Amino acid sequence: SRILLKLTSVLFFGFTATQKHANMYGVVHKGMFAWIRTFDDGDEKLARIAELVGEEHLDDFFRFYNDSVTQTFLGAVAKVMEMDLYECTYQAGLQFMVGIGESGFQGTLMVLGDNLFSVLEHIDSLHESFRPSFPEMKAPSLKPERTGSNSMVVHYRSESDNLAPFVMGAIKSCARTLFDLEIDIVHRTKKGKDNRHDVFTIFADERAFPPEHADRSVSTKEGTISFPATISDSLLPFHICIDKDMNIQSVGSSLATHLIEKDIVGAPFQSFFKLTRPLACQLNFDEMLEHIGDIFLVIVPKKKLKRAKLSTVLSSNLDTALESTGLSSRDMSRTNSVLSSGSMTDDMGRAANLNKAQGNLKLHGEVVHYKEKNLILFAGCPILRSVEEMDATSLHLNEMPIHSHGKDILFSSMLQAASAQNTNKIDAKLAELDKSMEEVNTKSQQVDNLLHSILPPRVAKSLSEGFIPAAEEYEEVSLLYSDIAGFTNISSNLPPSEVVDMLHTLFIKFDELAERHGCYKVETIGDAYVVSSGCPEECDDHALRLANFAIDMLHTVSTVKSPVDGEPLRMRVGLHSGPVMAGVVGRVRPRYCLFGDTVNFAASMESSGIPCCIQASYRFVECLPPNHPFQVVPRGHIKIKNKGYMKTFLILGDEELDFPPLLPAPSKIDDIGPLLLQMARTRADTSADRIATIQTSRTRRNRHLV
C-alpha cells in the first residue's frame, strides 16, 4: 500500500520522495585499501579502521558512499596510520592503478592516448562515458595545459574537498604504470576561499607529451562543398548557433520541436539553455572559444520543454482503473485492490520511472568557430541512457542522427547500466556469501574445538566423518586416578550448587596442568579425576610427564579451600603403568574409554593411598627414566584388592624444585615423614617391609578419619 501511495503522489502531485545520494564511488576507498595492505600489519590496521567507521565492505569500487562515510573513513585512516590526512590520501592515490586494475578499467585508460598529456586531455570524455554505469557520479574535471618543453599545468575542478592529493598521486600512478614514466608533481594552487579550483604543475621528459608538429592544422583544400541550411539541419537537428553577443542565431529543427516557445532566434542563449561543461568555462563568447576541443554539456531546463505525452496517458489509465474499482483519486485507503490488475501495475511502474527520469534535456557535443561570420556552432546530440528518459522528453529514435551513434549509445548505455546493476547485485551477494561462509567457518571451528576438548582429535575427526574408529591397543601407558579425601562429608554438608562450583574451580586448574604437561584428561566421575599419558598420543616419557602432573596437582589442590571448614582440600593420587585398550563407546554422547587391568590397578593405587600423597606402583617407578629428579621412597607391601600384597612407593616431590615433601597431613595420621626419608636413604627392603606393615595397620584403623 505504501508503494501505491507513493506512485499515486507521483501521478497526481508530480513529486516523490527521493533519497539524498552521496557524492563519491569507491575509487578513493579502493586506493586506500591497496596502500594499507602494503604494510605487514595491513589487515590488522584495516580491521581497526572498519571498527572505527562502524561499517563493512569499505573497498567496494562500485558502491556509492555517503560523504559522511567517506570523511569518517578518511579520518579513521589518518588516526590508525598516525599520519597527516593529506599524506594518507596522496599515498592512496599512488595505488590508484592497483584499484583500477582490480576493477577492470586499466585497459580503458590505456586507449585514451599514447602519452600522459593526451590521457589527461581526454579523461573528461571518459567520465561522461561512465555515466550509465555510475549514474550518480559527479565527475571531476581535469584540464591540462602545456607550459614548456618539459612541463604542464593541470586545472583540477571537483565538488569534493580534500581529494586533490589523491588526484596528484593518481596522476603519478598512471604515468608510472601506463608509460613507465617518473614525474614530479607540485600542488601549486590549492582550492580555497580565494581559489575556485586546484592547480598542479607537472615536470616530465618529452615522453609525457604528444610530438610537436610544424603545422597541426588540417588541410582544407579538398573540402570544397558548402551545404544548404536544410542539409545542415538534417545532419545537426539539435545544433545551437550563437553570435558574439551570446544571442541565438539558429536552432536545429528537432530541438525547436521540443521547446515550448517558438521564434527564439535573436533571444539570449541563457534564456533557454544552461552550460554545465566544461566546468571552467564561463558563459561568454571568448571563453567558449578557448575551450574548443573540450566536451560541452548544454542543458535545456525542464520548464522550457513540452511535457511528455505519456504522463497524460498514464494519468488517464489510473483514473480509469480507480473508477473500475469504485475508488476516487482522493480515496487511497483501499488501494491494494488496484494492484490486482496486471496492466495497471505495469502502467504505474512506468509512471514511477517516468517521474524519476522527467527532467532536463541534456545535449552532449562540441563547439566550432565559424570564422567567416564570427559565430559559434554547438553540434550536440541528446544524452539518453534509458527508454524512460526518452519518454520524459518525448524524444524518438528517428530523431537521433545516424552519424551521431545516438541509437547505439542508448542501447549500449542501457546494457551497460543493466550489467553494472547486475554486477553490483552479484558483488553484494558474494559479499553476503563471504560473510556467511566466515560465520560458518567460525561456528565450525568452535564446534571442532569443543569436540576436540571432549574426544581426541583423530577420534573426533572420524566421528565427524560418520564412522566410529576401531579400538586401539597401547603397550606403554601411564594412568593417574585421584579423588578428594572426605568428599562424602563435604557433599553432605553443602548445597549441590556449591559442590559443583568447587569441583569446577578445581578441575579447571587440573585441565590447564594436563595441557601443560602433555597429558590427556580421560574423564571425571564425581570427585574423581582420571588422566592418561602415552594414550591417545604415544610417547616414551609417559611416566615422567604423569609424575610431574601429579606433583603439580597436589600443589594446586592445596590452594583450593574446602567450603565446609576452610581448610585446604586433600587428595589421594595413584599411579600405575601398563598396556590398555582405548576406543569409543556408544553413538549417542559417545565416550572415549580405557580398558584393561592397568586401569583397575591404577584405581587401586588411588583407593589404597594416603591423603596428600602420591602412591605409585613398582611398574610405574620402573618406567621412570634412570636420571629422574623425583624423590621416591618405598611404602612397603600393601594389600591390593584382587591382587594380594603388592609393593608400592610414594613420590615425595621433585628434588630440583623448592617445595616441601608431599607427606601425609599430621592432623589425620602420625607423621611418618622422617621415617620415610630414613627409609629412602637406607633402601633396606626388610626395614621398609616392617615399617609398611606398621603403617598399613595404622592406615586401616584411621581410614574412617579420611
Side-chain angles (χ1 to χ4, degrees), residues 449-460 472-484 503-560 569 571-584 591-596 598-606 609 613-617 619-625 628-630 632 649-654 656-657 659 662:
N449 293 339
L450 178 61
L451 195 58
H452 291 169
S453 68
I454 300 173
L455 299 169
R458 60 185 181 186
V459 174
E472 297 178 295
E473 183 176 1
Y474 296 85
E475 294 295 335
E476 291 293 337
V477 177
S478 292
L479 294 179
L480 177 148
Y481 270 77
S482 66
D483 72 348
I484 300 174
L503 292 178
H504 179 68
T505 301
L506 183 62
F507 287 172
I508 284 179
K509 297 177 182 290
F510 292 167
D511 293 342
E512 294 174 353
L513 291 176
E515 185 174 355
R516 183 192 309 168
H517 290 289
C519 301
Y520 178 75
K521 173 185 174 182
V522 179
E523 62 181 347
T524 58
I525 307 172
D527 64 321
Y529 193 91
V530 184
V531 180
S532 69
S533 179
C535 172
E537 297 295 332
E538 295 180 308
C539 60
D540 295 332
D541 60 344
H542 52 88
L544 182 66
R545 294 187 186 187
L546 203 61
N548 281 318
F549 171 80
I551 294 171
D552 285 349
M553 186 183 203
L554 287 187
H555 289 152
T556 299
V557 75
S558 64
T559 64
V560 180
L569 293 176
M571 296 193 75
R572 283 183 292 267
V573 177
L575 304 175
H576 182 58
S577 297
V580 299
M581 288 290 295
V584 178
R591 293 178 57 197
Y592 185 73
C593 299
L594 307 182
F595 304 92
T598 301
V599 179
N600 299 329
F601 201 99
S604 298
M605 286 291 97
E606 174 271 319
C613 291
I614 302 171
Q615 180 168 255
S617 67
R619 180 70 179 273
F620 180 86
V621 175
E622 286 295 307
C623 288
L624 290 172
H628 68 78
F630 306 118
V632 181
F649 298 82
L650 295 179
I651 299 178
L652 304 183
D654 189 336
E656 298 178 353
L657 300 178
F659 285 103
L662 298 171

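Every value quoted in this text rests on a predicted model; they were computed, and no experiment measured them. Side chains included, hydrogens not; waters and symmetry mates left out as well; all remaining heavy atoms used.
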Under the criterion side-chain contact (heavy atoms from CB on, under 4.5 Å), I'd like the reasoning laid out for I551 against F630: C-alpha separation, chi angles, the key distance, then a yes or no. CA-CA 10 Å; I551 294 171; F630 306 118; 3.5 Å; yes
Tell me whether the count of non-hydrogen atoms from other residues, nucleotides or ligands lying under 6.0 Å of NZ in K521 goes above 12. yes
S482 and M571: which non-hydrogen atoms are nearest, and at how many Å? OG-CE, 3.5 Å
Hey, are the side chains of F510 and C519 touching, using non-hydrogen atoms and a 4.5 Å cut-off? no
Test I614 against every option in L650, V632, L554 by the side-chain contact (heavy atoms from CB on, under 4.5 Å) rule and name the one that passes. L554
If you measure from SG on C535 to CG on L594, what distance do you get to the nearest 0.5 Å? 5.0 Å
Side chain to side chain, V560 and K509, heavy atoms closer than 4.5 Å: yes
Nearest 0.5 Å please: distance from the SG atom of C539 over to the CD atom of E476. 10.5 Å
Taking C-beta and beyond as the side chain, do L479 and V530 meet within less than 4.5 Å on heavy atoms? no
May I ask you to check whether over 12 heavy atoms, not counting those of E515, lie within 6.0 Å of atom CD? no
If you round to the nearest 0.5 Å, how far is CG of L662 from CE of M553? 12.5 Å
Okay, side chain of R545, backbone of S533: is any donor-acceptor separation there less than 3.5 Å? no
If you round to the nearest 0.5 Å, how far is CG of L480 from NE2 of H576? 13.0 Å
Locate the shortest heavy-atom distance separating D527 from I484; write the atom from each residue and the value. OD2-N, 3.0 Å
Looking only at heavy atoms, what is the nearest atom pair of Y592 and P536, with distance? OH-CB, 3.4 Å
Are P625 and D541 side-chain neighbours, meaning at least one heavy-atom pair lies under 4.5 Å? no
Of V531, V599, L575, the one forming a side-chain contact (heavy atoms from CB on, under 4.5 Å) with Y481 is V599
Smallest heavy-atom separation, P579 atom then R619 atom, equals CD-NH2, 4.5 Å
Distance only, no hydrogens: is a donor on one side chain within 3.5 Å (strictly under) of an acceptor on the other, for D511 and Y529? yes
Considering all heavy atoms of both residues, which atom of S577 and which atom of T598 are nearest to each other, and what is their separation? C-CG2, 3.9 Å
Are L624 and F620 close enough that some pair of their side-chain heavy atoms sits under 4.5 Å apart? yes
With no hydrogens and no angle check, is any side-chain donor or acceptor of S604 less than 3.5 Å from a backbone partner on N600? yes
Quick one, Y520 with E537, criterion side-chain contact (heavy atoms from CB on, under 4.5 Å). Give me CA distance, side-chain angles, the key distance, then yes/no. CA-CA 8 Å; Y520 178 75; E537 297 295 332; over 6 Å; no
Expected output: side-chain E606 to main-chain R572 donor-acceptor under 3.5 Å: no
Here the gap from C613 atom SG to L652 atom CG, rounded to the nearest 0.5 Å, amounts to 7.5 Å
Restricting to non-hydrogen atoms, name the atom on L503 and the atom on G526 that form the minimum distance, rounded to 0.1 Å. CD1-O, 3.8 Å
